[in-house]
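Nothing here was measured: the structure is a model prediction, and the numbers come from that model. Computed over heavy atoms, backbone and side chain alike; hydrogens, waters and symmetry mates excluded.
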Amino acid sequence: MAINLVDMVPLVQDKKFTALILLLCLDLFMDGAESATQAEIDRHLEMGRQYLASNQLADALTHYHAAVEGDPSNYLTLFKRGTVYFALGKARNCLQDFSRVLELKPDFTTARAQRGVVYLKLGDYSNAELDFHTVLLEEPYNDDVNYLYSKIDPAREQWAAVEDLIRRGDYRTAIAFLTQLLEISPWSATFRESRADCYIKENDVLSAVSDLRSVNRLSHDSTGGYFRLATLLYNMGHTADALKEIRECLKLDPEHKDCFPFYKKLKKVEKALSDAQSYLDERQYVGCIDSAEKVLKFETEVPMVIFSAKHLLCSCHVKEEQFTQAVTRCREALEIHKDPTVLCDRAEAYIGTEMYDDAIRDYQAAINIDEHLQRAKEGLERAKRLQKQSERRDYYKILNVKRTATKQEITKAYRKAAQKWHPDNFQGDEKKIAEKKFIDIAAAKEVLTDPEKRQQFDNGEDPLDPEGGNHGGYGGFRGGNPFHHFHHGSPFQFKFHFN
């Protein structure tokens, strides 16, 4: 029968007895609270078990966390949480849990064997050996532990061999040996960092990046690792990825002496590159050019970042139909890195200036680098078609005059075009383009101001075509000199400095 202790209190006249009754009430209340807490712990353990059975490790971990908080001295609960940490590859956490278990129950050999496995995976062979040896004193015929114990000495010897290979500069063999070691000790930050160093020596930077990311996850203080990784990615031209890594460093230390100044520069470079790409995607080519030029102000030393900016300039100048500037920027980008897309961009610039031979050469070079690049294949066929169509020069089009233009109109148009495209007004790649245009301008003036040659052209025959029966020296020009006009009464006296 239930006893209502509160109702009994007024009936009690003895103060000492009243105090005893109140203490009894408190004890009963505390007993109920403890039972409720234990029930809650049991519920979390059961939920953790169910999630673990269905391989929902993160959910299982949440419930084991709650169970450990409810009873932090329960070694079995700690062990269960440690096994989940182990399954998630969280080396430091599971090591802490297994060590705490062994503090609470030193004779729990299963926990000691499991901690030995963690040490083995971490490459801590001395502690792994100690734990396995202790287990084998109690269970000498434990096959699993004997097998793992037998791997320790060969692993030590292999690591010594790796160190010797690295000293001798045999990085390729060292990589192979380290890869074998990492099958035994995948949580070893030392082994992964060593392999990353070897990959860098072998110019396999992407593989190094993968290992360094693992090192950062495994390290206690990874600020230096994040800085190194960010620097490596930046030097590869992967500015967005570099920015993510440097932010991870700043999360750990907002005023890190290396990460903070690098972050300030990197943020500006990445924003300018991102803006340029956005402008290109939105077909706002002037904005693209302006933003890419900013990158070259922020960064003057790292080749692949400079390449990214010049690649964008190459593309945007082509889209803006600024073909001579495009050729220059494309060439500068290609001097840093032979990229097939840049070759295609330059080929389009050459097509824009009707330099079809050069376009064909660039498209073919792009295909030689990437035989599956459809843009290059289609561009090559297009360039060949345009080249065939352009074999017969249209002298009226060159001078931008009508077919009915008078000699006076033709001469005026010639002077205007000659002034614009005189080779002495250009440098570098632009000079090469100007020289070709200038030759065509001179040829157009020769044909269209000569009544006989103009008549031949109007009849469908190019009088300056050496294959058309008019062999007049260089391309059909009198005396073999395409610039003879400028030495026989022409109003322009030009000097030529062809390199």
Check: Can you list every ring pair (Phe, Tyr, Trp, His ring centres under 6.0 Å) pair that touches residues 75-129, not counting sequence neighbours?
Finding: His65-Tyr85, Tyr75-Phe108, Phe79-Phe98, Phe79-Phe108, Phe86-Trp187
Notebook entry, point to check: So, Arg217 versus Ser214: side-chain donor-acceptor pair below 3.5 Å or not?
Noted result: yes
Check: Thinking salt bridges, do Lys377 and Glu381 make one under a 4.0 Å N-O criterion?
Finding: no
Next item on the list: Considering only NZ, NE, NH1 and NH2 on the basic side and carboxylate oxygens on the acidic side, decide whether Asp290 and Lys294 come within less than 4.0 Å.
Entry: no
Notebook entry, point to check: Would you say Ser278's side chain and Ser274's backbone share a donor-acceptor pair under 3.5 angstrom?
Noted result: yes
Notebook entry, point to check: Can Thr109 and Glu139 be counted as having a side-chain donor-acceptor contact under 3.5 angstrom?
Noted result: yes
Item checked: Trace of the side chain to side chain contact (heavy atoms under 4.5 Å, CB included) decision for Lys432 with Asp358 -> CA-CA 11 Å; Lys432 181 180 177 183; Asp358 295 290; 3.3 Å; yes
Notebook entry, point to check: Taking atom types as modelled and ignoring hydrogens, do the side chains of Asp170 and Thr173 form a donor-acceptor contact shorter than 3.5 angstrom?
Noted result: yes
Check: Roughly how far, to the nearest 0.5 Å, is the CG atom of Asp131 from the OG atom of Ser99?
Finding: 8.0 Å
Note to self: Looking only at side-chain N and O atoms, does Ser315 offer a donor or acceptor that is under 3.5 Å from a partner on Asp345?
What the structure shows: yes
Item checked: Distance flag, aromatic centroids of Trp159 and Phe191, threshold under 6.0 Å -> yes
Margin query: Within the supplied structure, the quantity of interest is the number of heavy atoms (other residues, nucleotides, ligands) at a distance under 6.0 Å from Glu103 CD; does it exceed 12?
Written below: yes
Next item on the list: Count the heavy atoms belonging to other residues, nucleotides or ligands that lie under 6.0 Å from CZ of Arg283, then report whether that count exceeds 12.
Entry: no
Checklist line | Criterion salt bridge (Lys or Arg N to Asp or Glu O under 4.0 Å) on Lys121 and Glu183, from CA distance to verdict | finding: CA-CA 9 Å; Lys121 284 180 173 289; Glu183 292 177 3; over 6 Å; no
Checklist line | Worked check of side chain to side chain contact (heavy atoms under 4.5 Å, CB included) between Val302 and Tyr234 | finding: CA-CA 8 Å; Val302 179; Tyr234 184 74; 3.7 Å; yes
Check: Considering residues at least two apart in sequence or located in another chain, which fulfil the salt bridge (charged side-chain N to carboxylate O under 4.0 Å, His left out) criterion with Asp71?
Finding: none
Next item on the list: Answer with yes or no whether the side chains of Asn127 and Asp124 bring together a donor and an acceptor at under 3.5 Å.
Entry: yes
Margin query: Test your reading of the model: is there a side-chain donor-acceptor pair from Thr83 to the backbone of Lys80, 3.5 Å cut-off?
Written below: yes
Notebook entry, point to check: In this structure, are over 12 heavy atoms from other groups packed under 6.0 Å from Lys297 atom NZ?
Noted result: no
Check: Should the ring pair His63 and His44 be called parallel, tilted or perpendicular, given that the plane angle runs from 0 to 90° and is split at 30 and 60?
Finding: tilted
Margin query: Quick check on Glu282: does its CD atom have over 12 non-hydrogen neighbours (other residues, nucleotides or ligands) under 6.0 Å away?
Written below: yes
Notebook entry, point to check: Is atom CD of Glu163 surrounded by more than 12 heavy atoms (other residues, nucleotides or ligands) closer than 6.0 Å?
Noted result: yes
Item checked: Non-neighbouring partners of Ser210 that pass side-chain hydrogen bond (donor to acceptor under 3.5 Å, both in side chains), sequence neighbours left out -> none
Next item on the list: Return the minimal non-hydrogen interatomic distance between Pro186 and Arg192, and the atom names on each side.
Entry: O-NE, 3.2 Å
Notebook entry, point to check: Is it true that a side-chain atom of Thr300 and a backbone atom of Leu296 form a donor plus acceptor pair closer than 3.5 Å?
Noted result: no
Margin query: I'd like to know if Arg213 pairs up with Glu245 as an ion pair, taking the criterion as any Lys NZ or Arg NE/NH1/NH2 lying under 4.0 Å from an Asp or Glu carboxylate oxygen.
Written below: yes
Margin query: Using modelled atom types and a 3.5 Å cut-off, is there a donor and acceptor pairing between side-chain atoms of Arg92 and backbone atoms of Leu218?
Written below: yes
Note to self: Looking only at side-chain N and O atoms, does Gln322 offer a donor or acceptor that is under 3.5 Å from a partner on Glu320?
What the structure shows: no
Next item on the list: Kindly determine whether Val305 and Asn235 satisfy side chain to side chain contact (heavy atoms under 4.5 Å, CB included), including the steps that lead there.
Entry: CA-CA 7 Å; Val305 175; Asn235 289 338; over 6 Å; no
Next item on the list: May I have the step-by-step check of side chain to side chain contact (heavy atoms under 4.5 Å, CB included) for Leu373 and Cys344, ending in yes or no?
Entry: CA-CA 10 Å; Leu373 186 58; Cys344 288; 3.9 Å; yes
Next item on the list: Could you pull out all residues at least two apart from Asp241 that satisfy salt bridge (charged side-chain N to carboxylate O under 4.0 Å, His left out)?
Entry: none
Item checked: Pairs involving residues 320-375, ordered by first then second residue, that meet ring pair (Phe, Tyr, Trp, His ring centres under 6.0 Å) (sequence neighbours left out) -> Phe307-His337
Margin query: Measuring from atom CG of Asp42 to atom CE of Met47, what distance do you get when rounded to the nearest 0.5 angstrom?
Written below: 13.5 Å
Note to self: For Gln374, is the CD atom crowded, meaning more than 12 foreign heavy atoms sit under 6.0 Å from it?
What the structure shows: yes
Note to self: If you count every heavy atom of other residues, nucleotides or ligands that lies below 6.0 Å from Arg382 atom CZ, does the total exceed 12?
What the structure shows: no
Item checked: Worked check of salt bridge (Lys or Arg N to Asp or Glu O under 4.0 Å) between Arg329 and Glu332 -> CA-CA 5 Å; Arg329 288 307 196 181; Glu332 290 170 352; 2.8 Å; yes
Check: Just how far is it from atom CZ of Arg81 to atom CD of Gln96, taken to the nearest 0.5 Å?
Finding: 8.5 Å
Note to self: The test is salt bridge (Lys or Arg N to Asp or Glu O under 4.0 Å); show your working for Glu348 and Arg375 and say whether it passes.
What the structure shows: CA-CA 11 Å; Glu348 290 183 17; Arg375 178 187 175 190; 3.0 Å; yes
Margin query: So, taking the atom named OH in Tyr226 and the one named CG in Leu250, what distance separates them when rounded to the nearest 0.5 Å?
Written below: 11.5 Å
Notebook entry, point to check: Under 4.0 Å between a Lys/Arg side-chain N and an Asp/Glu carboxylate O for Glu299 and Lys265?
Noted result: yes
Note to self: Donor-acceptor pair, distance only, cut-off 3.5 Å: does the side chain of Ser185 make one with the backbone of Leu120?
What the structure shows: yes
Note to self: Nearest 0.5 Å, please: how far is NZ in Lys436 from CG in Asp357?
What the structure shows: 9.0 Å
Item checked: Atom NZ of Lys244: over 12 foreign heavy atoms under 6.0 Å -> no
Notebook entry, point to check: Stepwise, does the salt bridge (Lys or Arg N to Asp or Glu O under 4.0 Å) test hold for Asp97 with Arg100?
Noted result: CA-CA 5 Å; Asp97 273 358; Arg100 177 59 180 154; over 6 Å; no
Note to self: Closer than 4.0 angstrom, basic N to acidic O: yes or no for Asp197 and Lys201?
What the structure shows: no
Check: So does Glu129 pair up with Arg156, basic N to acidic O under 4.0 Å?
Finding: yes
Check: Between Lys431 and Asp429, does at least one N-O distance fall below 4.0 Å, as a salt bridge requires?
Finding: no
Next item on the list: Measure from NZ or CZ of Lys268 to the centre of the six-membered ring of Phe298, then state whether that distance is under 6.0 Å and the direction lies within 45° of the axis.
Entry: yes
Notebook entry, point to check: Has the side chain of Lys338 got a donor or acceptor atom that lies under 3.5 Å from a matching backbone atom of Leu334?
Noted result: yes
Margin query: In the structure I gave you, are the side-chain heavy atoms of Ile433 and Glu354 within less than 4.5 Å of one another anywhere?
Written below: no
Margin query: Nearest 0.5 Å, please: how far is SG in Cys288 from CG in Leu312?
Written below: 5.0 Å
Checklist line | Any residue meeting ring-ring contact (aromatic ring centres under 6.0 Å, His included) with Tyr171, in chain and number order, not counting sequence neighbours | finding: none
